[in-house]
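Each ligand, and each atom within it, is numbered from 1 in the order the structure gives.
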Amino acid sequence: MALEVYWGSGSPYAWRVLLALEVKQMNYESHRLGFTDEELKSEEYLSISPRGKVPAIRDGSVTVHESIAIMRYLEDIKPEPVLFGCNPVERSKIWCSIMEVMNYIEPNILNYARTIFYGELAEKKLLAVEARKAIENELIYLNKSLEKKEYLSSEKLSAADIVLYPVIPFLTRAANKENTEDVSGTLRSINEHYPAISVWCKKIESIPGYEKTYPPHWKD
Ligand SMILES: N[C@@H](CCC(=O)N[C@@H](CS)C(=O)NCC(=O)O)C(=O)O
């Protein structure tokens with residue numbers, strides 16, 4: 001039975017899973033869900049993803065939700081190419097980068113991009129500006145780290161790169177949707193302000209199959 005993948009267009013979390021599947025060259029049955037309660041909170045979908053969020057997967061009798069847990073599951077069922085490291089040192093570096101994205105960038109994404117996409121800027125502008133500044137600090141840190149090595153954790157592609165990558169176009173899209181100096185800041189142009197991140201993005205974008213993972217509604 002084919003692996004079933006539930007995702008939503010534009011979700012950076014779902015995008016991680018789609019990218020991992022391409023890197024590992026895995027076949028899957030795709031289920032694109034809309035961001036509606038009918039689709040995400042149906043009894044059937046909640047039995048796969050109990051919080052009613054994307055991404056989630058079903059592999060026979062196994063269901064997994066949470067993007068990074070799914071990526072780790074994929075590594076177990078299809079170990080090559082290795083994304084989570086081959087030895088304790090590699091693994092510790094990869095997990096450190098993943099945890100940094102989760103702890104220092106992800107909480108700010110909620111306050112930044114979602115405020116813009118959900119049209120809540122009028123009430124939450126201060127929160128969005130604070131989040132933008134915190135994200136910029138993280139991007140400075142990541143840019144410095146990517147000046148020294150090819151990929152986030154080492155000289156080769158790893159799960160850490162796949163965890164971070166979708167966040168960058170997601171933030172840029174949010175920044176360009178609003179596009180005022182105080183809300184968008186430097187997030188409008190990663191190329192201009194964070195050149196090492198920009199070079200690294202191009203490496204991810206050259207992964208065979210990348211185009212298949214690009215959010216379809218962003219192409220419209
Ligand atoms: N921590 C989760 C986050 C998943 C998540 O927040 N997904 C959003 C889309 S970006 C979602 O499905 N939201 C719909 C909802 O909460 O109703 C992961 O890494 O998979």
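- Counting protein heavy atoms only, atom 10 (S) of ligand 1 is closest to Ser11 OG, 3.2 Å.
- Taking only nitrogen or oxygen atoms, main chain and side chain alike, Glu66 reaches within less than 3.5 Å of ligand 1.
- Of the protein's non-hydrogen atoms, the one nearest atom 14 (C) of ligand 1 is Leu40 CD1, 3.5 Å.
- In terms of protein heavy atoms, atom 4 (C) of ligand 1 is closest to Val54 O, 3.3 Å.
- Between Glu181 and Arg132 the shortest heavy-atom distance is O-NH2, 4.0 Å.
- Distances from ligand 1 to the non-hydrogen atoms of Arg114 include at least one value under 4.0 Å.
- Close placement of the Trp15 and Tyr165 rings is indicated, their centers lying within 6.0 Å of each other.
- Trp7 and Tyr13 have their aromatic ring centers separated by at least 6.0 angstrom.
- Lys53 NZ, 2.8 Å is the protein heavy atom nearest to atom 16 (O) of ligand 1.
- Residue Gly8 places no heavy atom under 4.0 Å from ligand 1.
- Nearest non-hydrogen protein atom to atom 19 (O) of ligand 1 is Ser67 OG, 2.6 Å.
- In terms of protein heavy atoms, atom 15 (C) of ligand 1 is closest to Lys41 NZ, 3.4 Å.
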Run Phe117 and Phe170 through ring-ring contact (aromatic ring centres under 6.0 Å, His included) and show every step you take. CA-CA 10 Å; Phe117 289 138; Phe170 184 72; 5.3 Å; yes
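- Checking Lys202 against Ser206 by side-chain atom types alone, no donor-acceptor pair falls below 3.5 Å.
- Atoms of ligand 1 lying under 4.0 Å from any heavy atom of Phe35, numbered from 1 in the order shown and given with element: 9 (C).
- Here the two rings, on Tyr28 and Tyr6, have centers that are 6.0 Å apart or farther.
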- Task: Apply salt bridge (charged side-chain N to carboxylate O under 4.0 Å, His left out) to the pair Arg16 and Glu106, showing each step before the final yes or no.
- Result: CA-CA 13 Å; Arg16 291 173 177 168; Glu106 275 190 18; 2.7 Å; yes
